[in-house]
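I have placed the structure first, in the form of structure tokens, so that the comments after it can refer back to it.
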Amino acid sequence: MEEKKETHHFIEQIIAEDLKEGKHNSIITRFPPEPNGYLHIGHAKAICINFGIVEKFGGKTNLRFDDTNPEKESTEYVNAIKRDIQWLGFDWEDREYYASDYFEQLYGFAQKLIRKGLAYVDDSTSEEMAEMKGSTNQAGTNSPYRNRSIEENLALFEKMKNGAFENGSKVLRAKIDMSSPNLLMRDPVIYRVKKAHHHRTGDAWNIYPMYDFAHGQSDSIENITHSLCSLEFENHRPLYNWLIEQLEIYPSRQIEFSRMNVTYMITSKRRLLKLVEEGVVTSWDDPRMPTLSGMRRRGFSPEGIKMFIAKAGVSKREQMMDIGLLEECVRQDLNKTTDRIMAVLDPVKVVITNYPEDKTELLPIENNPEEEVRTYRKIPFGREIFIEKNDFKEEAPNRKYRRLAPGSIVRLKAAYIIECTDYIKDEATGEITEIHCKYYENSRSGSDTSGLKPKGTLGWVSAQHAITAEARIYDRLFTDPFPLNHEGKDFMDFINPNSLKVLPQILVEPSVQSKTAGERLQFMRIGYFCVDPDSHEDKMVFNQTVTLKDTWAKLQNQQKSTKK
RNA sequence: AGACCUAUGGUGUAAUCGGUAACACACCAGUUUUUGGUUCUGGCAUUCUAGGUUCGAGUCCUAGUAGGUCUACCA
């Protein structure tokens with residue numbers, strides 16, 4: 001057996017080392033979303049890293065909702081987040097935790113800090129505090145309230161808790177160092193008065209801990225061995241460690257990795273919200289959104305998304321991934337897993353003049369040529385069929401052309417070879433309205449004795465049997481790969497006006513009638529599609545997930561651009 | 001300007017005591033194919049710069065340069 005060379009990314013190397021040295025017997029990681037929005041591709045990376053590492057090394061991953069800001073958080077988001085993680089295929093078993101479960105303990109931690117003389121109640125306004133903070137190259141100044149006695153601090157803090165003070169009137173601050181070069185160490189606020197209804201604790205609390213006094217402490221309470229987060233928290237690490245040390249609690253270790261950025265995508269909650277609110281997209285699960293719910297509705301598979309994230313890797317460099325790789329990963333998965341079906345997006349009628357008028361055949365066709373053991377279904381064929389308009393030209397454009405033209409022959413997939421004998425053109429519009437062909441009766445797929453060798457194969461549907469459906473063709477939401485990187489311009493200036501094209505009247509083979517919302521298919525020679533939940537009995541709706549690669553179209557475009 | 005972090009093809013990631021720069025995507029040229037899909041083959045890099053140590057440097061040392069993050073009672 002040849003040994004597979006397995007490389008570990010830098011976090012896995014740290015963990016492997018810790019395990020080897022016996023620093024930990026097993027590891028615990030956590031995914032800590034704030035329930036104030038929907039999960040997107042960037043969260044998917046964090047989920048894959050935290051759960052993936054445990055799959056590799058053994059251990060556990062906790063799901064913990066970081067719900068310390070009641071004004072923005074809700075149970076609705078909690079449920080959406082849980083659904084998305086499950087959809088990706090990860091299981092936190094019974095370890096569903098909430099920072100709000102620890103409010104009592106956190107309060108005790110704060111009292112401990114006060115008793116150690118390491119925290120104080122500050123009456124300054126936020127403006128005053130900002131002023132006293134100093135700046136990157138100027139030390140801050142101590143608050144006039146910095147030297148309150150431990151007893152006074154304890155009493156005031158309790159009063160804050162009991163609701164004696166109004167929002168914004170007092171905060172609890174850690175007493176660290178107002179001249180630290182790290183601004184986060186300049187006596188950070190760790191508790192604020194906030195009289196708000198919490199989605200889990202209701203009105204029990206009038207004060208809530210800040211991120212820095214909740215996140216690390218929750219990690220510690222849960223015995224998280226490795227707390228993996230994104231690069232933006234690097235500057236928080238000294239504070240994370242300081243608090244753990246002063247509180248004398250379990251020393252979780254924070255390790256940062258870079259966030260996932262993808263070309264033509266944005267992931268900031270604020271900006272995504274703007275897209276929804278201004279009606280650029282229909283909803284958070286609009287198939288053009290980078291949210292997991294959007295990608296799911298688009299037809300992206302969890303396997304495809306996970307493959308993409310695995311290929312992106314883990315490092316500390318700012319990563320800007322090509323959206324083309326995401327699409328390619330989805331194609332790779334869908335190529336193996338989806339059934340091929342016949343569909344015509346832009347139909348033109350073909351009459352097979354030498355085929356009997358009242359005849360209908362049921363022809364066998366493979367479901368997926370990638371299957372190890374092939375399975376087949378039957379599709380109806382008749383004298384009148386539809387093909388793509390684009391598959392017929394009045395004159396073959398060049399020698400490489402393989403489709404239908406007067407006098408040329410093509411194979412109809414799983415059916416017969418046909419030859420174009422004539423066509424009808426609307427002289428007013430220049431549009432081809434009907435094509436006449438003859439078929440070779442002895443050329444039927446599987447029993448072809450004609451000896452003919454057509455260069456191309458076309459998709460088709462039977463005019464008599466096809467179902468009319470709607471297709472939604474999606475393109476990238478932005479016209480620029482980096483909509484955020486243009487000085488003086490807003491990302492809204494780069495919205496792609498053609499990101500959605502609705503085709504209300506496509507034709508599909510009758511077998512798709514049985515497909516239900518969420519099912520993925522390949523429209524042969526066109527792309528991957530997914531049944532949208534908007535589908536109903538009278539009309540099915542298909543979302544285009546991604547097109548098939550189209551080297552012919554690429555060649556055509558190249559020729560066009562070189563001619564210019 | 002201060003602190004912290006990062007620097008390897010167009011993009012992303014490897015190269016584990018210093019020993020032929022590897023893989024994927026993209027791109028280019030072919031191959032196969034009853035999907036112009038899939039498959040398969042080949043092509044594609046002075047490792048940010050300048051010095052230094054060494055038989056040998058992507059890796060070690062020194063000095064630069066470029067980029068990212070940080071001055072919310074958000075997370």
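Proteins get letters first, then strands, A, B, ... in listed order; numbering begins at 1 in each. Quick note: numbers below take in every heavy atom, side chains included, and nothing from hydrogens, waters or symmetry partners.
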Exercise. Using both distances under 3.5 Å as the test, list the Watson-Crick or G-U wobble partner of B:C48, or none.
Key: B:G64
Quiz item: Centres of the A:F57 and A:H8 rings: under 6.0 Å?
Solution: yes
Quiz item: Tell me: CG of A:L239 to P of B:U71, nearest whole Å?
Solution: 13 Å
Exercise. Quickly work out the A:N167 CG to B:A72 P distance and round it to whole Å.
Key: 19 Å
Exercise. Classify the side chain of A:Q556 versus the base of B:G36 as yes if they form a donor-acceptor pair under 3.5 Å and no if they do not.
Key: no
Practice problem: Scan A:T551 against the nucleic acid and name what it touches under 4.0 Å (heavy atoms): base, sugar-phosphate only, or nothing. | Solution: sugar-phosphate
Quiz item: Between B:C74 and A:K194, is there an OP1 or OP2 to side-chain N/O distance shorter than 4.0 Å?
Solution: yes
Exercise. Select one nucleotide: of B:A26, B:G36, B:A75, the one nearest the side-chain heavy atoms of A:Y401.
Key: B:G36
Self-check item: B:A3: pairing nucleotide in any strand, Watson-Crick or G-U under 3.5 angstrom
Solution: B:U69
Self-check item: Passing candidate, ring-ring contact (aromatic ring centres under 6.0 Å, His included) with A:F65, options A:Y77, A:Y98, A:F31, A:Y102
Solution: A:Y98
Self-check item: Pair of N/O donor and acceptor under 3.5 Å linking B:G36 base with A:R403 side chain
Solution: yes
Practice problem: Starting from C1' on B:C73, measure out to NZ on A:K195 and report it in whole angstrom. | Solution: 15 Å
Exercise. Ignoring backbone atoms, test whether A:K133 places a side-chain nitrogen or oxygen under 4.0 Å from the OP1 or OP2 oxygen of B:C70.
Key: no
Practice problem: Measure the distance from CG on A:L172 to P on B:C73 and round it to the nearest whole Å. | Solution: 14 Å
Quiz item: For the side chain of A:Q522 and the base of B:U35, is some donor closer than 3.5 Å to an acceptor across the two?
Solution: yes
Practice problem: Please report, rounded to the nearest Å, how far the P atom of B:C74 is from the CG atom of A:D67. | Solution: 15 Å
Quiz item: With respect to the phosphate group of B:U13, does any side-chain polar atom (N or O) of A:Q319 fall under 4.0 Å of OP1 or OP2?
Solution: yes
Self-check item: Base of B:G36 and ring of A:W552 stacked, centres under 5.5 Å, planes under 30°
Solution: yes
Quiz item: Which base sits across from B:A24 as a Watson-Crick or G-U pair, both distances under 3.5 Å?
Solution: B:U11
Quiz item: Given A:E166 and A:V193, is the side chain to side chain contact (heavy atoms under 4.5 Å, CB included) satisfied, shown in steps?
Solution: CA-CA 7 Å; A:E166 292 315 303; A:V193 176; 6.0 Å; no
Quiz item: Can a donor-acceptor pair under 3.5 Å be found between the side-chain atoms of A:N137 and the base atoms of B:A1?
Solution: yes
Practice problem: Indicate whether OP1 or OP2 belonging to B:U13 is found under 4.0 Å from a side-chain N or O atom of A:S315. | Solution: yes
Self-check item: A:M210 to A:V189 - nearest heavy-atom pair and separation
Solution: CG-O, 3.3 Å
Quiz item: For the base of B:A75, is there a side-chain donor-acceptor partner from A:H236 under 3.5 Å away?
Solution: yes
Quiz prompt | Nearest listed nucleotide, side chain of A:A312, among B:G12, B:C74, B:U33 | solution = B:G12
Practice problem: In whole angstrom, give the distance that lies between atom CG of A:L184 and atom C1' of B:A75. | Solution: 12 Å
Quiz item: Which nucleotide in the list B:A75, B:C5, B:U35 gets nearest to the side chain of A:E232?
Solution: B:A75
Quiz item: With both distances under 3.5 angstrom, what nucleotide forms a Watson-Crick or G-U wobble pair with B:A29?
Solution: B:U41
Quiz prompt | Side chain of A:R411 - closest among B:A24, B:U35, B:U34 | solution = B:U34
Quiz item: Closer than 4.0 Å, any side-chain N/O of A:R192 to the OP1 or OP2 of B:A72?
Solution: no
Practice problem: Any chance you could lay out the side chain to side chain contact (heavy atoms under 4.5 Å, CB included) test for A:N206 and A:F165, step after step, and finish with the verdict? | Solution: CA-CA 9 Å; A:N206 296 298; A:F165 306 114; over 6 Å; no
Quiz item: Is there a donor and acceptor pair, one atom on the side chain of A:N235 and one on the base of B:U69, closer than 3.5 Å?
Solution: yes
Quiz prompt | A:K161 to A:W205, cation-pi by 6.0 Å centre distance and 45° axis angle | solution = yes
Exercise. Take atom CZ of A:R259 and atom C1' of B:C70, then tell me their distance rounded to the nearest Å.
Key: 15 Å
Self-check item: Whole-Å distance separating the CD1 atom of A:I190 from the P atom of B:A75
Solution: 13 Å
Quiz item: Can you check side chain to side chain contact (heavy atoms under 4.5 Å, CB included) on A:L39 and A:I47, steps first, answer last?
Solution: CA-CA 10 Å; A:L39 261 27; A:I47 293 167; 4.0 Å; yes
Quiz item: If you take atom types as modelled and just measure distance, does the side chain of A:S445 reach the base of B:U34 with a donor-acceptor pair under 3.5 Å?
Solution: yes
